[in-house]
Amino acid sequence: MARATQVLIDLHALKENYQKAKSLAPDSLAYAVIKANAYGHGLTQVANSLVSVVDGFAVACVDEAVLLREMGVLLPILVLEGPMGPDECQSALDLDLQIAIHNEQQIQWLSQLDEGDLHLHVKVDSGMHRLGFSPQLVPSIISQLHKLRVVNDIQLMSHFACADDPNHVFTAEQIQNMDGLMAMGLPMSLSNSAAIFSLPQCHHQLIRPGIMLYGASPLLGQYGPDLDLQPVMTLQSEVIAIHQIKAGESVGYGQGFIAQQDSLIAVVAIGYGDGYPRSAKNGTPVLIKGKSWPLAGRVSMDMITVDVTGSDIQLGDRATLWGIGLSADVVAEHCGTIAYELFCQLTNRVNRHYLGS
Ligand SMILES: *Cc1c(COP(=O)(O)O)cnc(C)c1O
């Protein structure tokens, strides 16, 4: 029998979420961001599902782009961190990849290539200070790049540091830094999922939806369902033991939970070995038979313990850790993290099942 701990990936919901991004930015192209194994959802399956509906894909690194080309994906692929060496510049040429260019060294590598028609996305550091050229340097960088024989198209891109908080003043500052470059008349890409929802003036020619495709919220204090997003990943397991304990007795490693009353404790077969976060605190919701119950005690490698006092929960009852009926955003809040990390941390021990196509 297959292990009951499994993850269901709803490919229909994935496509609906992509359409949601398109409907929010109807005049922009939208490259689906499927880096990091499609945020833990499975690169191959996610790409195969989206390939017939999206304008293109975005990944972090050339290796991820190579996998997509090997699958036969012919759509535009944008490599968000750009080439990491001269060989990767050559790969970009050979595989027709669009690449971010964010430092002088990359330009040096490009200048050593013979000929081609590369499509570059010059990354502007509008304030995040992670990747990119400072705005003042951009005009000279662009003219330098135009002189290279391998370059065909150039557009500009930048990334927001605080777009998850729609009222943050820093976002206005970043937008202002980009405004000065608008006069260059180059196509522009600024919007991640958060900006797709909250900054319509920043949609420009190309949007880069990531987390919203997977049904989680990019905005602070709002959950996926509030934004009309559908959960794609549902993580499930089952109850494998039930104990009646007395008031004052403890549960799990370090006596992480002490019962305040006589309590019923259900043991569910999932733990940090599957990617359920050890940082989940007492009280983190777990759905069992459609109802929410609080985590009670520390997460172990293979098991968690849940306070189901007063329930008629039995061995073999199904538990949902996040997904349909329990937003990953809510669980993430209880773990002091974001749904992005929960999705990416899922381990290979968990069998993935795909619904829809
Ligand atoms: C990962 C990434 C995105 C997608 O961000 P989400 O918040 O998941 O929508 C967009 N742009 C860049 C540069 C990224 O690295």
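Counting starts at 1 for both ligands and their atoms, following the listed order. As a basis for the values below, the full set of heavy atoms in this structure was taken, side chains included, without hydrogen atoms, waters or symmetry mates.
- Between His119 and His121, the ring planes lie parallel to each other; the angle is under 30°, not in the 30° to 60° tilted range.
- No side-chain donor-acceptor contact under 3.5 Å links Asn37 and His41.
- Ligand-side atoms of ligand 1 in range of Tyr340: 6 (P), 7 (O), 8 (O), range being under 4.0 angstrom from any heavy atom.
- Summary of contacts: the protein heavy atom closest to atom 4 (C) of ligand 1 is Tyr39 OH, 3.4 Å.
- Ring centers of Phe343 and Tyr39: at least 6.0 Å apart, outside the cut-off.
- Between Arg208 and ligand 1, at least one pair of N/O atoms sits closer than 3.5 Å.
- Residue contacts with ligand 1, taken as heavy atom pairs separated by less than 4.0 Å, involve His159 solely via side-chain atoms from C-beta onward.
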I'd like a table of donor-acceptor pairs (distance under 3.5 Å, sequence neighbours excluded) in which one partner is a side-chain atom from residues 290-298, with atom names and distances.
| from | atom 1 | to | atom 2 | distance (Å) |
| --- | --- | --- | --- | --- |
| Trp293 | NE1 | Lys291 | O | 3.4 |

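- Neither the backbone nor the side chain of Glu81 has a heavy atom within less than 4.0 Å of ligand 1.
- Side-chain contact of Ser189 with Arg208: a donor-acceptor pair under 3.5 Å is present, judged by distance alone.
- For the residue pair Gln345/Tyr276, the side-chain donor-acceptor check at 3.5 Å is not satisfied.
- Donor-acceptor pairing under 3.5 Å is lacking for the side chains of Gln230 and His12.
- In this structure, Lys123 counts as a contact residue of ligand 1, since one of its heavy atoms falls inside 4.0 Å of the ligand.
- Using a 4.0 Å cut-off between heavy atoms, Ser193 contacts ligand 1 through both its backbone and its side chain.
- Residue-level proximity to ligand 1 for Leu80 is carried by the side chain, the only part with a heavy atom below 4.0 angstrom.
- Contacts with ligand 1 closer than 4.0 Å are made by no heavy atom of Met212, backbone or side chain.
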